[in-house]
Trainee: 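Quick one: structure below, then a few questions.
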Amino acid sequence: MAKRYWLFKREADHFDMDQLMKKGKPVPWKNVRNFTVRNWIRDEMKPGDRVLLYQSRTDDPAVLGIGEIAREPYPDPAQFDPKSPYYDPKATKEKPIWYMVDVEPVKAFKKPVTLAEMRANPALDGMMVLRKGNRFSMTPVEPEHWKTVLAMAGER
DNA sequence: GCCAACGTTGGC
DNA sequence: GCCAACGTTGGC
């Protein structure tokens, strides 16, 4: 299957792009508990897919950099852990419900691409993350939109 | 901090 | 299986 593009959202409180880059290792992107997003993870994400890393719930929400999916999707262990807030009593090891991927940080943009800039760019019309009321923590990104965002960041 | 929007839950 | 109520997301 061809390489795909995604946008992963994370709240500012739990997202430090510099820290990610410094670490330089794949990080688990866990705790997705939305069925639509689960289906994208489980059925469509592949190692090598590229990801826009987006910071939400801040004064200036923005894409801060890019990453790459580092391994096949796998069951989120928290669903089996009764002590976890993400525990799901309906999930079993044989039939997991929730999936996750690891993301390797690839590059921090020198110039983040803000939500305001993205909304102002007609080339990004229809981008899922820009839709009103969008609450998916992960969304697919069209190849043309990917190129546009990278160009806006001054990257190639 | 507010509140619109939306996914999920649960009573019926 | 519907749908109102609830809880959460996330821009502003």
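Scope of the values below: all heavy atoms of this structure, side chains included, with no hydrogens, waters or symmetry mates. In the text below, chain A, chain B and the rest are named by the order of the sequence lines, each starting its count at 1.
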Trainee: Taking all non-hydrogen atoms of both residues into account, name the closest pair between Met17(A) and Lys107(A) and its distance.
Mentor: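 Heavy atoms only, the tightest pair is CE-O, 3.5 Å.
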Trainee: Residues in ring pair (Phe, Tyr, Trp, His ring centres under 6.0 Å) with Phe80(A), at least two apart?
Mentor: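 With neighbours one apart ignored, the set is empty.
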Trainee: Among pairs that include at least one residue of residues 85-132 of chain A, which meet ring pair (Phe, Tyr, Trp, His ring centres under 6.0 Å), considering only residues two or more places apart or in two chains?
Mentor: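 Residue pairs with at least one partner in residues 85-132 of chain A: Phe35(A)-Trp98(A).
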Trainee: In residues 118-127 of chain A, what donor-acceptor pairs under 3.5 Å come from side-chain atoms, sequence neighbours left out?
Mentor:
| residue | atom | partner | partner atom | Å |
| --- | --- | --- | --- | --- |
| Arg119(A) | NH1 | Leu130(A) | O | 2.8 |
| Asn121(A) | OD1 | Ala123(A) | N | 2.9 |

Trainee: Does His145(A) reach the side chain of Val129(A), with side-chain heavy atoms less than 4.5 Å apart?
Mentor: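 Sidechains of Val129(A) and His145(A): no contact.
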Trainee: Quick one: sort the Trp29(A) and Phe8(A) rings into parallel, tilted or perpendicular, breaks at 30° and 60°.
Mentor: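 Correct class here is tilted.
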Trainee: Distances under 3.5 Å between protein N/O atoms and the N/O atoms of nucleotides 7-11 of chain B, please, pair by pair.
Mentor:
| residue | atom | partner | partner atom | Å |
| --- | --- | --- | --- | --- |
| dG7(B) | O3' | Asn34(A) | ND2 | 3.3 |
| dT8(B) | OP1 | Phe35(A) | N | 3.0 |

Trainee: If you take any heavy atom closer than 4.0 Å to DNA chain C, which residues from residues 113-126 of chain A end up in contact?
Mentor: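 Close to the strand are Leu115(A), Arg119(A).
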Trainee: Donor-acceptor pairs under 3.5 angstrom involving side-chain atoms of residues 60-74 of chain A: please list them, not counting sequence neighbours.
Mentor:
| residue | atom | partner | partner atom | Å |
| --- | --- | --- | --- | --- |
| Glu68(A) | OE1 | Arg50(A) | NE | 3.2 |
| Glu68(A) | OE1 | Arg50(A) | NH2 | 2.8 |
| Tyr74(A) | OH | Asp102(A) | OD1 | 2.4 |

Trainee: Under a 4.5 Å side-chain heavy-atom rule over Ile, Leu, Val, Met, Phe, Trp and Tyr, are Trp146(A) and Trp6(A) clustered together?
Mentor: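 Unlinked, Trp146(A) and Trp6(A) end up in two clusters.
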Trainee: At 4.0 Å (heavy atoms only), tell me whether Asn134(A) reaches a base, stays on the sugar-phosphate, or touches nothing.
Mentor: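 Counting heavy atoms under 4.0 Å across all strands, the contact made by Asn134(A) is with sugar-phosphate only.
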